[in-house]
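Lettering follows sequence order; numbering is per chain, from 1.
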Amino acid sequence: MTGPRFRIAPSPTGYFHVGGARTALFNWALARRLGGTFVLRIEDTDIERSQPEWTQGIIDALAWIGISADDPHFEGPYFQSEYAAEHIAAAQQLVAGGHAYYCDMTAADVEARNKAEGNQGYQGWSRDRGLGPGPGHVLRFRVPAGSTIVHDLVRGDVEFDNALIEDFVLLRGNGSPMFLLANVVDDMSMRITHVLRAEEHLSNTPKQQMMWLALGHEAPVWAHLPLLVNEQRKKISKRRDKVALEQYRDEGYLPEAMVNYLMTLGWTPKGDEIQPWAQMEGDFLLEDVNHSPAFFDLKKLAAFNGEYIRALTVDQFAAACRPWLLAADAPFPADRFDEQMFLAMAPHIQPRCVTLADAAGVVDFLFLPDPVIDEAAWAKTFGATESVAVLRDSIVAYEAVVDWTAESLKASLEATGEAHGLKLGKAQASVRVAVTGRTVGPPLFEALEVLGRAETLRRMRAAEATLA
RNA sequence: GCCCCCAUCGUCUAGUGGCCUAGGACACCACCCUUUCAAGGUGGCGGCACGGGUUCGAAUCCCGUUGGGGGUGCCA
C-alpha cells in the first residue's frame with residue numbers, strides 16, 4: 001500500500017467513543033478510496049489503566065462498524081508505549097538542534113513567579129540558563145518567534161501567533177515523554193501523511209507542527225472535524241452522555257444504521273441520506289465536511305435504525321433478534337421461547353421495532369406463562385360494561401370457531417362486537433387486554449392464531465373470572 | 001483572562017452573488033389508511049443571530065457585535 005497514510009489514535013479506556021467512531025469512519029473512507037492505509041495506534045501511555053482487553057475492545061468496535069483488521073488497508077495495532085525510546089531520542093534530537101532546553105522550575109515555582117509578576121503561563125525563564133538534564137528537570141520546547149499557519153483541509157488556513165504559545169513541556173521531570181511529543185514522533189515514524197481528528201485538537205496543532213518542522217519533517221495534512229455535541233451543545237463525554245459504541249451495539253442498533261448516521265454528522269451524503277457504505281466511501285471528500293459542531297441526536301439515530309430494520313428480510317430480522325430474545329434479561333425465560341411462533345409473528349413486529357432489543361418486549365406475552373397485566377389498560381378497558389360483555393360473549397364465540405385462523409377470529413369478534421354496537425377497533429380491546437395484558441401490541445388475530453386456541457381461551461376465561 | 005473555531009427551520013443539513021417565494025431529512029401537528037400500536041401515504045408548522053458595508057443584486061463576500069464551543073497541564 002503506497003498511498004496516503006491515515007491513522008486513529010484512541011487510548012484504551014474500556015469503551016469506544018462514538019465520536020472516535022465517526023473520526024475512524026472518515027479516515028477509513030479516505031484510506032480505502034485513495035488506496036491508502038488506515039493505521040491503528042493505541043495510545044496506552046496512561047499506564048495505570050491500560051489492559052489488553054481494552055485493545056481488543058477497540059478492535060471489536062472497529063470491526064462492528066466495518067473497519068476490519070483483516071482488510072489490506074488496515075495496519076496495526078501499534079502501541080505507543082512500545083515507542084518510548086523513539087520519543088526520548090527525538091527529544092534529544094531537539095536538544096541537539098537547539099529546539100529544546102531543560103528547566104528546573106516546578107509547576108509551583110511557575111505559579112509563584114507568575115503571581116509575583118502578574119503573568120500567566122510559563123515565560124521561557126530557563127531558555128538561556130544552560131541547564132542540563134537532571135532529576136526534576138523538564139525538557140521544554142523552544143517556541144520560535146513568528147507565527148504558525150496550520151493548513152487545514154476542513155477549515156482552511158488557521159494562523160497562530162507563536163508569542164502566545166508557551167514553551168511547552170516535552171519530557172517530564174522523571175524523563176517520561178508527554179503526549180504531544182509521543183503523538184508527533186509516532187506519526188512521524190509511522191509515516192502518517194494525513195491527520196484527521198476532532199476539532200478539540202486544533203489549538204494544539206501549531207505546537208505539533210513546530211515539532212514536525214524542528215525534527216526536520218514536513219508537517220502532515222491536517223483536517224479537524226467538527227465536534228459531536230449533546231443537547232447542551234457541549235462535546236459529548238462519558239460523564240454526561242451515552243458515548244460508548246458498544247452500548248448501542250448491545251441495545252440492538254444495526255451497525256449499518258450507526259455507520260450511516262455517523263457519516264451524516266458533519267458531512268452530507270450525495271442524494272438520499274440513507275445509503276450504503278460503498279456509496280459514501282466513494283463520495284466522501286474532506287472539502288465537503290462542515291465546520292460547525294453536530295448534535296448527536298438519538299432520535300434521528302433511532303429513525304435510521306428503524307429504517308434499516310425494516311429493510312431487512314424477515315429471516316434476517318428474526319435472526320438478528322435472536323440474541324435479545326434468548327438473553328438472560330429477556331422478559332421471558334429462554335426455554336419458553338418458541339422459534340416457530342416468533343417467525344410467524346416476525347413480519348408483524350418488524351415495523352414496530354426501533355431497535356432489535358424491542359422485539360422481545362413486543363412478543364413477550366406469547367412466551368410468558370401468563371400475560372403481565374397493565375393495570376391502567378385493564379381499568380380503562382374493562383371500566384366499560386360492554387367490554388366485559390364482549391369478553392364473555394367472545395369466549396363463547398371463540399369456543400365455537402372451527403378454523404383457528406386470524407381471519408375467522410377476526411370475523412367472529414367483528415360479529416360479537418356488532419352485537420354490542422361496537423366497531424372492531426373497540427371490541428378487540430377486550431380480547432387484547434385479556435390475552436396480552438395491554439391495549440397496544442402487534443396485530444391481535446395473528447397473535448391469537450399463533451398462541452393457539454387452548455391458551456387463548458384459558459387467558460380469556462381467566463380474565464373473565466377476575467372480572468366476575 | 002488569552003488564543004482558536006463556529007453561526008440556515010427545534011435537530012442534521014442543501015445552498016459557494018441572481019435558478020431562493022430558502023430545498024430535504026428527523027422531530028412535531030393534522031388528515032388518510034387501519035384491528036390497537038406501529039409502518040405507509042398526503043399535507044402543515046418552522047430558519048438565513050444582529051448591525052454595518054461591498055454590489056445592479058446577498059443566506060452566500062468583508063468588518064463589527066452578540067451568542068455558542070474548544071484549547072490553554074510535569075492529562076491523553
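- Checking the phosphate oxygens (OP1, OP2) of G71(B), no side-chain nitrogen or oxygen of K207(A) falls inside 4.0 Å.
- Using a 4.0 Å heavy-atom criterion, one finds that V138(A) contacts the bases of the nucleic acid, with or without backbone contacts as well.
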Per-nucleotide protein contact along nucleotides 26-35 of chain B, 5' to 3', at a 4.0 Å heavy-atom cut-off (B base, S sugar-phosphate only, - neither), is SS-------B

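- A salt bridge links R7(A) with D187(A): at least one charged nitrogen is closer than 4.0 Å to a carboxylate oxygen.
- Going from atom CD1 of I309(A) over to atom P of A38(B) covers 16 Å, rounded to whole Å.
- Here G68(B) presents its P atom at 22 Å from CG of N290(A), a figure rounded to the nearest Å.
- With rounding to the nearest 0.5 Å, the separation of CG in L225(A) from CD in E199(A) is 9.5 Å.
- Pair assignment for A25(B) gives U11(B), based on Watson-Crick or G-U wobble hydrogen-bonding distances that are each under 3.5 Å.
- Residue R172(A) places at least one side-chain N or O closer than 4.0 Å to OP1 or OP2 of A76(B).
- One atom, NZ of K270(A), and another, C1' of A25(B), lie 16 Å apart when rounded to the nearest Å.
- A donor atom on one side chain and an acceptor atom on the other are found under 3.5 Å apart for H224(A) and D152(A).
- Ring geometry for F26(A) versus F284(A): interplanar angle of 30 to 60°, hence tilted.
- Counting any heavy atom pair closer than 4.0 Å across all strands shown, T439(A) reaches a base atom.
- Taken to the nearest 0.5 Å, the CD1 atom of I395(A) stands 7.5 Å off from the CG atom of L457(A).
- In this entry the distance linking CG of D109(A) with P of G73(B) reads 16 Å, nearest Å.
- L409(A) and E449(A) make their closest contact through CD1-N, 4.0 Å (heavy atoms, listed as atom of the first residue, atom of the second, distance).
- Neither OP1 nor OP2 of U11(B) sits under 4.0 Å from any side-chain N or O of R233(A).
- Nucleotides A25(B) and G47(B), compared at atom C1', are 15 Å apart to the nearest Å.
- Using a 4.0 Å heavy-atom criterion, one finds that M105(A) contacts the bases of the nucleic acid, with or without backbone contacts as well.
- Residue K426(A) is classed as having no contact, given no heavy-atom separation below 4.0 Å to the nucleic acid.
- Side-chain atoms of N260(A) and Y308(A) include a donor-acceptor pair closer than 3.5 Å.
- Sequence order on RNA chain B of the closest nucleotides to T268(A) and P177(A) puts T268(A) first from the 5' end.
- Residue A429(A) is classed as having no contact, given no heavy-atom separation below 4.0 Å to the nucleic acid.
- Taking the centre and axis of the six-membered ring of Y122(A), the NZ or CZ atom of R140(A) falls inside the cone set by 45° and 6.0 Å.
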Would K115(A) and E111(A) satisfy salt bridge (charged side-chain N to carboxylate O under 4.0 Å, His left out), going step by step from the backbone distance to the final call? CA-CA 6 Å; K115(A) 201 166 180 185; E111(A) 197 185 337; over 6 Å; no

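- Base engagement by F179(A) is indicated by at least one non-hydrogen atom pair under 4.0 Å involving a base atom.
- R22(A) places its CZ atom 12 Å from the P atom of C12(B), with the value rounded to the nearest Å.
- Residue R310(A) is in sugar-phosphate contact alone, with no base atom involved, counting any heavy-atom pair closer than 4.0 Å across all strands shown.
- G15(B) and C61(B) are spaced 13 Å apart, taking the P atom of each and rounding to whole Å.
- Rounded to whole Å, the separation between the C1' atoms of C26(B) and U21(B) comes to 25 Å.
- Across every strand in view, C56(B) sits in a pair with G18(B) that passes the Watson-Crick or G-U test at under 3.5 angstrom.
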For each nucleotide in nucleotides 1-6 of chain B, reading 5' to 3', give B when a protein heavy atom comes within less than 4.0 Å of its base, S when such contact involves only the sugar-phosphate, and - otherwise. B-SSSS

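- Rounded to a whole angstrom, the distance from the P atom of G10(B) to that of C50(B) is 13 Å.
- A tilted orientation is assigned to the rings of F179(A) and H201(A), their planes being inclined by 30° to 60°.
- Between C12(B) and C74(B), the two C1' atoms lie 41 Å apart (nearest whole Å).
- U60(B) and U16(B) have their P atoms separated by 12 Å, given to the nearest Å.
- A close approach under 4.0 Å does occur between a side-chain nitrogen or oxygen of K234(A) and OP1 or OP2 of G69(B).
- Counting heavy-atom neighbours within 6.0 Å of E418(A) CD, excluding the residue itself, gives a total of 12 or less.
- A pairwise comparison of heavy atoms in H194(A) and P220(A) identifies N-CB, 4.4 Å as the closest pair.
- Taking atom P on both C63(B) and U54(B), the two are 15 Å apart, rounded to the nearest angstrom.
- Across all strands shown, S176(A) has no heavy atoms under 4.0 Å from either base or sugar-phosphate atoms.
- Between the P atom of U11(B) and the CG atom of N230(A) lies a distance of 13 Å, rounded to the nearest Å.
- Counting any heavy atom pair closer than 4.0 Å across all strands shown, G121(A) reaches no nucleic acid atom.
- Look at K270(A) and D288(A) and you find a salt bridge, because one of the NZ, NE, NH1 or NH2 atoms lies within 4.0 Å of a carboxylate O, short of that distance.
- With a 6.0 Å cutoff to the six-membered ring centre and a 45° limit on the axis angle, K207(A) counts as a cation-pi contact of F168(A).
- Pair assignment for G1(B): U72(B), on the basis of Watson-Crick or G-U wobble contacts that are both within less than 3.5 Å.
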Between the protein and nucleotides 58-65 of chain B, list the N/O to N/O atom pairs that are separated by less than 3.5 angstrom.
none

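- Residues V39(A) and F6(A) form no side-chain contact, since every pair of their non-hydrogen atoms from C-beta on lies 4.5 Å or further apart.
- A distance of about 30 Å separates the C1' atoms of G23(B) and U65(B), rounded to the whole Å.
- Atoms CD1 (I42(A)) and P (A76(B)) sit 16 Å apart, rounded to a whole Å.
- Straight-line distance from the CG atom of N114(A) to the P atom of G73(B): 11 Å, rounded to whole Å.
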